[in-house]
Asker: 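Attaching a single structure in C-alpha coordinates format; questions to follow.
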Amino acid sequence: MPELSPFAERMPRSGIRRVMDAAWASGRDVIGMHVGEPSFVPPPHVLDAAKRAYDQGDTHYVANAGVPALRAAIVDKLAEQNGIRVGADQVIVSAGGAEALHVAFSMTLEAGDEALIPDPGWPNYAMAVGLLQATPIGYGLRPENGFLPRVDELERMVTSRTKLLVVNSPSNPLGSVIPGEAMEELVRFAERHGIWLLSDECYDALTYGVEHVSPARFDRHGVVLSAFSFSKTYAMTGVRVGYLVCPPEVAPVAAKLQEPMIACVNAPAQAAAIAALRGPQDAVAQMRDAYARRRELAMRLLDENGIGYLEPHGAFYIWVDVRELAPEPVDDWALRLLDEKGVAVAPGTAFGAGGEGWVRLSLAASDDDIREGIARISSMR
Ligand code: PLP
(Lines give C-alpha, C1' and ligand atoms only; values in the text may rest on other atoms or scores of the structure.)
Protein backbone atom coordinates (compact mmCIF):
# COMPACT_ATOMS: atom_id res chain seq x y z
CA MET A 1 0.00 0.00 0.00
CA PRO A 2 1.34 3.53 -0.76
CA GLU A 3 2.14 5.72 2.26
CA LEU A 4 -0.33 8.09 3.86
CA SER A 5 0.67 11.58 4.93
CA PRO A 6 2.41 11.13 8.31
CA PHE A 7 0.34 13.89 9.92
CA ALA A 8 -2.95 12.39 8.76
CA GLU A 9 -1.95 9.06 10.28
CA ARG A 10 -0.62 10.61 13.49
CA MET A 11 -3.44 13.06 14.10
CA PRO A 12 -5.12 12.04 17.36
CA ARG A 13 -8.84 11.38 17.33
CA SER A 14 -11.04 13.79 19.21
CA GLY A 15 -11.18 12.89 22.92
CA ILE A 16 -14.92 13.59 22.86
CA ARG A 17 -15.38 10.98 20.13
CA ARG A 18 -13.79 8.41 22.42
CA VAL A 19 -16.54 8.99 24.97
CA MET A 20 -19.18 9.10 22.20
CA ASP A 21 -18.04 5.77 20.77
CA ALA A 22 -17.99 4.17 24.22
CA ALA A 23 -21.51 5.52 24.86
CA TRP A 24 -22.80 4.05 21.58
CA ALA A 25 -20.95 0.79 22.10
CA SER A 26 -22.45 0.37 25.58
CA GLY A 27 -25.89 0.11 23.97
CA ARG A 28 -27.28 1.82 27.10
CA ASP A 29 -29.51 4.82 27.34
CA VAL A 30 -26.88 7.23 28.65
CA ILE A 31 -27.29 10.77 29.93
CA GLY A 32 -25.44 12.71 27.25
CA MET A 33 -23.79 15.94 28.34
CA HIS A 34 -20.79 15.56 26.05
CA VAL A 35 -21.93 16.88 22.67
CA GLY A 36 -21.92 20.53 21.60
CA GLU A 37 -24.98 20.21 19.41
CA PRO A 38 -28.05 22.41 19.95
CA SER A 39 -31.12 20.38 20.89
CA PHE A 40 -33.26 22.80 18.84
CA VAL A 41 -34.26 22.77 15.17
CA PRO A 42 -33.88 25.77 12.84
CA PRO A 43 -36.84 28.19 12.70
CA PRO A 44 -39.48 27.14 10.08
CA HIS A 45 -38.90 30.15 7.80
CA VAL A 46 -35.25 29.10 7.50
CA LEU A 47 -36.15 25.56 6.47
CA ASP A 48 -38.81 26.88 4.06
CA ALA A 49 -36.24 29.07 2.32
CA ALA A 50 -33.98 26.07 1.71
CA LYS A 51 -36.90 23.95 0.44
CA ARG A 52 -37.99 26.77 -1.88
CA ALA A 53 -34.45 27.08 -3.23
CA TYR A 54 -34.37 23.36 -4.09
CA ASP A 55 -37.85 23.53 -5.67
CA GLN A 56 -36.85 26.54 -7.78
CA GLY A 57 -33.81 24.72 -9.12
CA ASP A 58 -31.35 26.83 -7.17
CA THR A 59 -28.90 23.95 -7.39
CA HIS A 60 -26.02 25.29 -9.47
CA TYR A 61 -22.55 26.52 -8.63
CA VAL A 62 -22.52 30.02 -7.18
CA ALA A 63 -19.68 32.49 -6.54
CA ASN A 64 -16.70 31.23 -4.48
CA ALA A 65 -17.29 33.97 -1.91
CA GLY A 66 -21.03 33.40 -1.59
CA VAL A 67 -24.22 34.80 -3.13
CA PRO A 68 -24.46 38.62 -3.07
CA ALA A 69 -27.73 38.68 -1.09
CA LEU A 70 -26.18 36.66 1.73
CA ARG A 71 -22.99 38.71 1.79
CA ALA A 72 -25.11 41.87 1.99
CA ALA A 73 -27.19 40.43 4.85
CA ILE A 74 -23.99 39.49 6.70
CA VAL A 75 -22.62 43.05 6.25
CA ASP A 76 -25.77 44.41 7.95
CA LYS A 77 -25.55 41.84 10.76
CA LEU A 78 -21.88 42.62 11.40
CA ALA A 79 -22.63 46.35 11.65
CA GLU A 80 -25.71 45.92 13.87
CA GLN A 81 -24.57 43.14 16.16
CA ASN A 82 -20.78 43.13 16.14
CA GLY A 83 -19.90 46.78 15.57
CA ILE A 84 -17.80 45.69 12.56
CA ARG A 85 -18.13 47.93 9.50
CA VAL A 86 -17.02 46.17 6.32
CA GLY A 87 -17.93 46.00 2.65
CA ALA A 88 -19.52 42.88 1.15
CA ASP A 89 -16.23 42.21 -0.65
CA GLN A 90 -14.68 41.50 2.78
CA VAL A 91 -17.12 38.68 3.56
CA ILE A 92 -16.46 35.11 2.40
CA VAL A 93 -19.32 32.66 2.92
CA SER A 94 -17.96 29.30 4.15
CA ALA A 95 -19.13 25.77 4.87
CA GLY A 96 -19.64 26.44 8.58
CA GLY A 97 -17.24 28.21 10.89
CA ALA A 98 -14.93 25.21 10.62
CA GLU A 99 -14.22 25.91 6.97
CA ALA A 100 -13.89 29.66 7.56
CA LEU A 101 -11.10 28.75 9.99
CA HIS A 102 -9.49 26.43 7.42
CA VAL A 103 -9.45 29.22 4.85
CA ALA A 104 -7.90 31.56 7.39
CA PHE A 105 -5.22 29.05 8.41
CA SER A 106 -4.53 28.15 4.78
CA MET A 107 -3.93 31.72 3.72
CA THR A 108 -1.63 32.56 6.62
CA LEU A 109 0.39 29.45 7.48
CA GLU A 110 3.15 27.54 5.73
CA ALA A 111 4.85 24.32 6.76
CA GLY A 112 6.94 24.95 9.89
CA ASP A 113 5.07 28.10 10.96
CA GLU A 114 3.67 28.37 14.46
CA ALA A 115 0.12 29.25 15.49
CA LEU A 116 -0.72 30.17 19.08
CA ILE A 117 -3.94 28.40 20.05
CA PRO A 118 -5.91 28.35 23.31
CA ASP A 119 -5.39 25.47 25.76
CA PRO A 120 -8.00 24.41 26.69
CA GLY A 121 -9.49 25.16 23.30
CA TRP A 122 -11.58 23.65 20.54
CA PRO A 123 -9.54 20.62 19.35
CA ASN A 124 -10.06 21.36 15.67
CA TYR A 125 -7.60 24.29 15.81
CA ALA A 126 -4.65 21.97 16.44
CA MET A 127 -5.89 19.49 13.84
CA ALA A 128 -6.39 22.15 11.15
CA VAL A 129 -3.01 23.79 11.83
CA GLY A 130 -1.33 20.38 11.73
CA LEU A 131 -2.91 19.57 8.36
CA LEU A 132 -0.93 22.47 6.93
CA GLN A 133 2.31 21.04 8.43
CA ALA A 134 2.38 24.03 10.77
CA THR A 135 2.81 23.73 14.54
CA PRO A 136 0.06 24.54 17.04
CA ILE A 137 1.47 26.00 20.27
CA GLY A 138 -1.00 26.04 23.15
CA TYR A 139 -1.23 29.13 25.34
CA GLY A 140 -2.67 28.48 28.77
CA LEU A 141 -6.09 29.60 29.94
CA ARG A 142 -5.83 28.87 33.62
CA PRO A 143 -8.00 29.28 36.70
CA GLU A 144 -5.49 31.60 38.39
CA ASN A 145 -5.83 34.05 35.47
CA GLY A 146 -9.61 33.85 35.35
CA PHE A 147 -9.16 31.58 32.29
CA LEU A 148 -8.19 34.61 30.20
CA PRO A 149 -5.16 34.89 27.87
CA ARG A 150 -2.20 36.72 29.40
CA VAL A 151 -0.38 39.01 27.02
CA ASP A 152 2.90 38.82 28.99
CA GLU A 153 2.88 35.03 28.53
CA LEU A 154 2.00 35.35 24.85
CA GLU A 155 4.92 37.77 24.45
CA ARG A 156 7.29 35.06 25.67
CA MET A 157 5.86 32.51 23.27
CA VAL A 158 6.42 34.50 20.08
CA THR A 159 9.22 33.24 17.83
CA SER A 160 10.33 34.15 14.32
CA ARG A 161 7.95 31.40 13.09
CA THR A 162 4.84 32.71 14.85
CA LYS A 163 2.29 33.78 12.24
CA LEU A 164 -1.03 33.75 14.00
CA LEU A 165 -2.89 33.92 17.30
CA VAL A 166 -6.25 32.18 17.64
CA VAL A 167 -8.71 33.81 20.03
CA ASN A 168 -12.04 32.18 20.83
CA SER A 169 -14.66 34.18 22.70
CA PRO A 170 -17.20 33.04 23.83
CA SER A 171 -15.05 29.99 24.43
CA ASN A 172 -15.71 26.37 23.73
CA PRO A 173 -15.08 24.61 26.13
CA LEU A 174 -14.82 27.24 28.87
CA GLY A 175 -17.91 29.37 28.35
CA SER A 176 -15.68 32.36 29.17
CA VAL A 177 -16.01 35.70 27.39
CA ILE A 178 -13.01 37.98 26.84
CA PRO A 179 -13.83 41.54 27.99
CA GLY A 180 -13.38 44.43 25.54
CA GLU A 181 -10.26 45.85 27.17
CA ALA A 182 -8.47 42.50 27.12
CA MET A 183 -9.57 41.97 23.53
CA GLU A 184 -8.09 45.31 22.51
CA GLU A 185 -4.80 44.33 24.19
CA LEU A 186 -4.73 41.12 22.14
CA VAL A 187 -5.20 43.08 18.92
CA ARG A 188 -2.35 45.43 19.90
CA PHE A 189 -0.20 42.37 20.69
CA ALA A 190 -0.84 40.96 17.21
CA GLU A 191 -0.09 44.34 15.65
CA ARG A 192 3.14 44.70 17.62
CA HIS A 193 4.41 41.39 16.32
CA GLY A 194 3.01 41.69 12.81
CA ILE A 195 1.00 38.47 13.20
CA TRP A 196 -2.62 37.65 12.40
CA LEU A 197 -5.30 37.49 15.05
CA LEU A 198 -7.85 34.87 14.01
CA SER A 199 -11.00 35.39 16.04
CA ASP A 200 -13.39 32.46 16.28
CA GLU A 201 -16.77 33.99 17.11
CA CYS A 202 -19.04 31.02 16.42
CA TYR A 203 -20.90 31.64 19.70
CA ASP A 204 -21.20 35.42 19.30
CA ALA A 205 -24.98 35.42 19.83
CA LEU A 206 -24.85 33.40 23.02
CA THR A 207 -23.76 35.49 26.01
CA TYR A 208 -25.38 35.84 29.42
CA GLY A 209 -25.26 39.23 31.09
CA VAL A 210 -22.05 40.35 29.36
CA GLU A 211 -21.33 41.85 25.97
CA HIS A 212 -19.55 39.89 23.25
CA VAL A 213 -16.80 42.12 21.89
CA SER A 214 -15.39 41.43 18.42
CA PRO A 215 -11.67 42.17 18.14
CA ALA A 216 -12.16 43.49 14.59
CA ARG A 217 -13.60 46.62 16.26
CA PHE A 218 -10.08 47.50 17.37
CA ASP A 219 -8.30 46.55 14.15
CA ARG A 220 -6.36 49.57 12.83
CA HIS A 221 -3.79 47.77 10.74
CA GLY A 222 -5.69 44.92 9.07
CA VAL A 223 -4.48 42.05 11.26
CA VAL A 224 -7.83 40.56 12.35
CA LEU A 225 -9.58 37.72 10.55
CA SER A 226 -12.98 36.84 12.04
CA ALA A 227 -14.82 33.52 11.68
CA PHE A 228 -18.56 33.29 12.35
CA SER A 229 -21.19 30.59 12.02
CA PHE A 230 -24.92 30.04 11.63
CA SER A 231 -24.60 26.66 13.39
CA LYS A 232 -25.19 27.61 17.00
CA THR A 233 -27.13 30.88 16.65
CA TYR A 234 -29.85 29.33 14.49
CA ALA A 235 -29.41 25.63 15.39
CA MET A 236 -28.19 25.04 11.82
CA THR A 237 -25.22 22.74 12.53
CA GLY A 238 -25.94 20.37 9.64
CA VAL A 239 -26.82 23.11 7.16
CA ARG A 240 -23.13 24.12 7.14
CA VAL A 241 -22.96 27.88 6.66
CA GLY A 242 -20.50 30.29 8.24
CA TYR A 243 -18.35 33.20 7.06
CA LEU A 244 -14.92 34.71 7.28
CA VAL A 245 -14.46 38.47 7.52
CA CYS A 246 -11.11 39.76 6.23
CA PRO A 247 -9.26 43.02 5.68
CA PRO A 248 -10.00 44.24 2.11
CA GLU A 249 -6.52 43.37 0.78
CA VAL A 250 -6.70 39.70 1.69
CA ALA A 251 -10.39 38.94 1.02
CA PRO A 252 -9.76 38.08 -2.67
CA VAL A 253 -7.17 35.51 -1.55
CA ALA A 254 -9.69 33.94 0.83
CA ALA A 255 -12.28 33.80 -1.97
CA LYS A 256 -9.73 32.21 -4.27
CA LEU A 257 -8.95 29.49 -1.72
CA GLN A 258 -12.59 28.44 -1.68
CA GLU A 259 -12.13 27.02 -5.20
CA PRO A 260 -9.86 24.06 -4.32
CA MET A 261 -11.48 23.57 -0.90
CA ILE A 262 -15.23 23.52 -1.59
CA ALA A 263 -15.74 25.63 -4.77
CA CYS A 264 -18.73 27.27 -3.12
CA VAL A 265 -21.21 26.75 -0.30
CA ASN A 266 -24.37 24.76 -1.05
CA ALA A 267 -26.77 27.26 -2.70
CA PRO A 268 -30.00 26.24 -0.86
CA ALA A 269 -28.06 26.43 2.42
CA GLN A 270 -27.18 30.03 1.55
CA ALA A 271 -30.88 30.73 0.93
CA ALA A 272 -31.57 29.36 4.42
CA ALA A 273 -28.87 31.62 5.86
CA ILE A 274 -30.38 34.71 4.19
CA ALA A 275 -33.77 33.83 5.71
CA ALA A 276 -32.10 33.33 9.09
CA LEU A 277 -30.54 36.82 9.06
CA ARG A 278 -33.38 38.73 7.40
CA GLY A 279 -36.28 36.95 9.12
CA PRO A 280 -37.64 37.20 12.69
CA GLN A 281 -35.05 36.68 15.41
CA ASP A 282 -37.33 35.39 18.18
CA ALA A 283 -36.04 31.82 17.84
CA VAL A 284 -32.53 33.07 18.65
CA ALA A 285 -33.80 34.78 21.81
CA GLN A 286 -35.79 31.68 22.80
CA MET A 287 -32.76 29.42 22.44
CA ARG A 288 -30.57 31.85 24.34
CA ASP A 289 -33.19 32.00 27.14
CA ALA A 290 -33.31 28.19 27.30
CA TYR A 291 -29.51 27.96 27.58
CA ALA A 292 -29.54 30.74 30.20
CA ARG A 293 -32.13 28.82 32.24
CA ARG A 294 -30.14 25.57 32.01
CA ARG A 295 -26.99 27.45 32.95
CA GLU A 296 -28.69 28.72 36.11
CA LEU A 297 -29.97 25.22 36.86
CA ALA A 298 -26.56 23.60 36.38
CA MET A 299 -24.79 26.22 38.51
CA ARG A 300 -27.37 25.82 41.32
CA LEU A 301 -27.03 22.02 41.30
CA LEU A 302 -23.22 22.15 41.20
CA ASP A 303 -23.27 24.63 44.12
CA GLU A 304 -25.63 22.40 46.10
CA ASN A 305 -23.33 19.44 45.52
CA GLY A 306 -20.16 21.36 46.37
CA ILE A 307 -18.64 20.89 42.91
CA GLY A 308 -16.49 23.74 41.58
CA TYR A 309 -16.94 25.26 38.12
CA LEU A 310 -16.17 28.32 36.04
CA GLU A 311 -19.25 30.53 35.82
CA PRO A 312 -20.00 30.59 32.09
CA HIS A 313 -20.82 33.92 30.45
CA GLY A 314 -21.18 32.63 26.92
CA ALA A 315 -21.65 29.64 24.58
CA PHE A 316 -23.57 26.68 26.05
CA TYR A 317 -21.00 24.86 28.14
CA ILE A 318 -20.03 24.73 31.76
CA TRP A 319 -16.44 23.90 32.71
CA VAL A 320 -16.50 21.77 35.82
CA ASP A 321 -13.67 21.09 38.27
CA VAL A 322 -13.60 17.35 39.02
CA ARG A 323 -10.12 17.28 40.59
CA GLU A 324 -11.64 16.17 43.91
CA LEU A 325 -13.81 13.52 42.28
CA ALA A 326 -11.29 12.01 39.87
CA PRO A 327 -8.21 10.29 41.29
CA GLU A 328 -7.17 9.13 37.81
CA PRO A 329 -6.46 11.12 34.58
CA VAL A 330 -9.69 12.82 33.58
CA ASP A 331 -10.11 11.00 30.26
CA ASP A 332 -10.06 7.68 32.14
CA TRP A 333 -12.39 9.12 34.75
CA ALA A 334 -14.86 10.17 32.03
CA LEU A 335 -14.95 6.58 30.76
CA ARG A 336 -15.45 5.29 34.31
CA LEU A 337 -18.27 7.80 34.85
CA LEU A 338 -19.90 6.47 31.70
CA ASP A 339 -19.39 2.87 32.73
CA GLU A 340 -20.48 3.18 36.36
CA LYS A 341 -23.14 5.90 36.17
CA GLY A 342 -24.19 6.05 32.53
CA VAL A 343 -23.26 9.74 32.16
CA ALA A 344 -21.27 10.98 29.16
CA VAL A 345 -19.20 14.16 29.60
CA ALA A 346 -16.35 15.65 27.56
CA PRO A 347 -13.04 15.17 29.43
CA GLY A 348 -11.07 18.41 29.74
CA THR A 349 -7.98 16.91 28.11
CA ALA A 350 -9.96 16.55 24.85
CA PHE A 351 -9.34 20.32 24.65
CA GLY A 352 -5.64 20.29 25.48
CA ALA A 353 -3.33 19.29 28.32
CA GLY A 354 -4.57 22.29 30.31
CA GLY A 355 -7.93 20.57 30.71
CA GLU A 356 -6.60 17.91 33.09
CA GLY A 357 -8.90 17.65 36.11
CA TRP A 358 -11.84 19.34 34.41
CA VAL A 359 -14.79 18.25 32.28
CA ARG A 360 -17.09 20.14 29.94
CA LEU A 361 -20.82 19.71 30.39
CA SER A 362 -23.02 20.77 27.50
CA LEU A 363 -26.11 22.85 28.23
CA ALA A 364 -27.57 21.53 25.00
CA ALA A 365 -28.73 18.64 27.23
CA SER A 366 -32.31 18.72 28.55
CA ASP A 367 -33.18 20.03 32.03
CA ASP A 368 -33.90 16.49 33.21
CA ASP A 369 -30.55 15.22 31.94
CA ILE A 370 -28.75 18.13 33.58
CA ARG A 371 -30.48 17.34 36.91
CA GLU A 372 -29.84 13.60 36.76
CA GLY A 373 -26.36 13.95 35.24
CA ILE A 374 -25.08 16.29 37.96
CA ALA A 375 -26.59 14.10 40.70
CA ARG A 376 -24.78 11.08 39.31
CA ILE A 377 -21.50 12.98 38.87
CA SER A 378 -21.75 14.01 42.49
CA SER A 379 -22.23 10.37 43.51
CA MET A 380 -18.73 9.57 42.14
CA ARG A 381 -17.24 10.78 45.46
N1 PLP B 1 -15.54 27.08 16.67
C2 PLP B 1 -15.90 26.52 17.82
C3 PLP B 1 -15.27 27.02 19.06
C4 PLP B 1 -16.83 25.49 17.85
O5 PLP B 1 -17.18 24.94 19.01
C6 PLP B 1 -17.38 25.04 16.63
C7 PLP B 1 -18.31 23.91 16.61
O8 PLP B 1 -18.55 23.22 17.56
C9 PLP B 1 -16.97 25.67 15.46
C10 PLP B 1 -16.05 26.67 15.51
C11 PLP B 1 -17.45 25.27 14.10
O12 PLP B 1 -18.77 25.11 13.96
P13 PLP B 1 -19.42 25.02 12.51
O14 PLP B 1 -18.40 24.54 11.58
O15 PLP B 1 -20.58 24.11 12.67
O16 PLP B 1 -19.83 26.43 12.20
Side-chain angles (χ1 to χ4, degrees), residues 14-17 20 32-42 46 66 70 74 77 91-105 115 117-129 131 136 138 141 147 149 164-178 197-207 212 214-215 225-245 258 261-262 265-266 269-270 272-273 276-277 284 287 291 312-319 346 348 350-352 355 360-365:
S14 151
I16 308 171
R17 285 272 165 195
M20 255 181 183
M33 305 180 81
H34 52 314
V35 196
E37 166 93 46
S39 48
F40 305 101
V41 290
V46 170
L70 177 54
I74 291 169
K77 178 264 179 186
V91 174
I92 315 300
V93 178
S94 60
E99 202 250 340
L101 294 166
H102 269 291
V103 170
F105 288 131
I117 64 166
D119 175 11
W122 192 46
N124 297 41
Y125 303 135
M127 298 181 195
V129 168
L131 276 177
L141 300 174
F147 290 95
L164 175 134
L165 166 73
V166 176
V167 173
N168 174 218
S169 175
S171 156
N172 173 14
L174 300 174
S176 52
V177 174
I178 300 179
L197 187 155
L198 173 54
S199 173
D200 178 355
E201 302 178 47
C202 287
Y203 296 91
D204 67 331
L206 295 173
T207 56
H212 165 67
S214 294
L225 306 168
S226 318
F228 293 89
S229 175
F230 287 81
S231 289
K232 317 289 171 166
T233 312
Y234 297 99
M236 284 168 61
T237 46
V239 181
R240 311 303 305 134
V241 191
Y243 46 101
L244 183 69
V245 185
Q258 287 291 61
M261 289 199 194
I262 56 163
V265 172
N266 173 308
Q270 296 196 51
L277 287 180
V284 180
M287 287 189 267
Y291 292 132
H313 291 291
F316 47 67
Y317 306 105
I318 184 158
W319 188 241
F351 306 96
R360 186 197 72 178
L361 305 186
S362 169
L363 300 172

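Since the structure is predicted, the reported quantities are computational estimates derived from the model, not experimental observations. First listed ligand is number 1; within each ligand, the first listed atom is number 1.
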Asker: May I ask you to identify, for Y203, whether its side chain, its backbone, both or neither come under 4.0 Å of ligand 1 on a heavy-atom basis?
Answerer: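 The part of Y203 near ligand 1 is the side chain, not the backbone.
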Asker: Mind checking whether T207 and P170 have side chains closer than 4.5 Å, heavy atoms only?
Answerer: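 In short, these two side chains touch, coming nearer than 4.5 Å.
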Asker: For T237 and ligand 1, does the shortest N/O to N/O distance drop below 3.5 Å?
Answerer: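 T237 vs ligand 1: no N/O contact under 3.5 Å.
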Asker: Is ligand 1 under 4.0 Å from a heavy atom in the side chain of K232, in the backbone, in both, or in neither?
Answerer: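 Side chain only.
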Asker: Would Y317 count as a polar contact of ligand 1, with the cut-off being nitrogen or oxygen pairs under 3.5 Å?
Answerer: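 No, no N or O pair falls under 3.5 Å.
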Asker: Would you mind running through ligand 1 and noting each atom that sits below 4.0 Å from a heavy atom of G97?
Answerer: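 Heavy-atom distances to G97 below 4.0 Å select 13 (P), 14 (O), 16 (O).
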Asker: Please state which option from F351, W122, F230 has its nearest heavy atom closest to atom 11 (C) of ligand 1.
Answerer: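 Checking each option, the heavy atom nearest atom 11 (C) of ligand 1 is found in W122.
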Asker: Which of the atoms of ligand 1 are close to S231, meaning less than 4.0 Å from one of its heavy atoms?
Answerer: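 It comes down to these atoms of ligand 1: 13 (P), 15 (O), 16 (O).
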Asker: Can you give me the closest heavy-atom contact between G97 and C202, atom names plus distance?
Answerer: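 The pair with the smallest heavy-atom distance is CA-SG, 4.0 Å.
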Asker: Starting from the C-alpha separation in whole Å, work towards a yes-or-no answer on side-chain contact (heavy atoms from CB on, under 4.5 Å) for L70 and V241.
Answerer: CA-CA 11 Å; L70 177 54; V241 191; 4.2 Å; yes
Asker: Show the atoms of ligand 1 that are less than 4.0 angstrom away from any heavy atom in R240.
Answerer: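 Heavy-atom distances to R240 below 4.0 Å select 13 (P), 14 (O), 15 (O).
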Asker: Purely on distance, is any nitrogen or oxygen of C202 under 3.5 Å from one on ligand 1?
Answerer: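 C202 vs ligand 1: no N/O contact under 3.5 Å.
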Asker: How close do R360 and I16 get, counting heavy atoms only, and between which atoms?
Answerer: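 Nearest heavy atoms, R360 then I16: NH2-CD1, 4.0 Å.
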Asker: Hey, which atoms in ligand 1 end up nearer than 4.0 Å to a heavy atom of S229?
Answerer: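 Those qualifying, in numeric order: 13 (P), 16 (O).
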Asker: Measure F316 to ligand 1 on non-hydrogen atoms and call it side chain, backbone, both or neither using the 4.0 Å cut-off.
Answerer: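 It is neither part, as no heavy atom is under 4.0 Å.
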Asker: What atoms of ligand 1 come within less than 4.0 Å of a heavy atom belonging to Y125?
Answerer: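 Answer for ligand 1: 3 (C).
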Asker: For atom 1 (N) of ligand 1, which of the options D200, V241, V239 provides the nearest non-hydrogen atom?
Answerer: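 Selected option, by shortest heavy-atom distance: D200.
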Asker: May I ask you to test the I92-Q258 pair for a side-chain heavy-atom distance under 4.5 Å?
Answerer: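 The answer is yes; the side chains approach within 4.5 Å.
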Asker: Quick one: does V167's side chain get under 4.5 Å of P118's, heavy atoms only?
Answerer: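 Contact flag for V167/P118 side chains = no.
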Asker: What are the two closest heavy atoms between D200 and N168, and how far apart are they?
Answerer: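 Smallest interatomic distance, heavy atoms only, reads O-ND2, 2.9 Å.
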Asker: Can you name the closest pair of heavy atoms from A315 and S171 and give their distance?
Answerer: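 Closest approach of A315 to S171, heavy atoms only: CB-O, 3.8 Å.
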Asker: Looking only at the aromatic ring of each residue, does the gap between the centers of F351 and Y317 stay below 6.0 angstrom?
Answerer: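 When the ring centroids of Y317 and F351 are compared, they turn out to be at least 6.0 Å apart.
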Asker: Work out which heavy atom in S169 is nearest to a heavy atom in H212; give both atom names and the distance.
Answerer: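 Looking at all heavy atoms of both residues, the shortest contact is O-CE1, 3.0 Å.
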Asker: Would you say the side chains of K232 and Y291 form a donor-acceptor pair under 3.5 Å?
Answerer: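 The answer is no; no qualifying pair exists.
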Asker: How does N168 reach ligand 1, by side chain, by backbone, by both or by neither, if only non-hydrogen atoms under 4.0 Å count?
Answerer: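 The answer is the side chain of N168.
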Asker: For G96, take its heavy atoms, then give the atoms of ligand 1 lying under 4.0 Å from any of them.
Answerer: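 Those atoms are 14 (O), 16 (O).
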Asker: Just go through G242, A98, S169 and tell me whose heavy atom is the nearest to atom 12 (O) of ligand 1.
Answerer: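 The option holding the nearest heavy atom is A98.
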Asker: Provide the number and element of each atom of ligand 1 under 4.0 Å from a heavy atom of N172.
Answerer: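 Matching atoms, with element in brackets: 3 (C), 4 (C), 5 (O).
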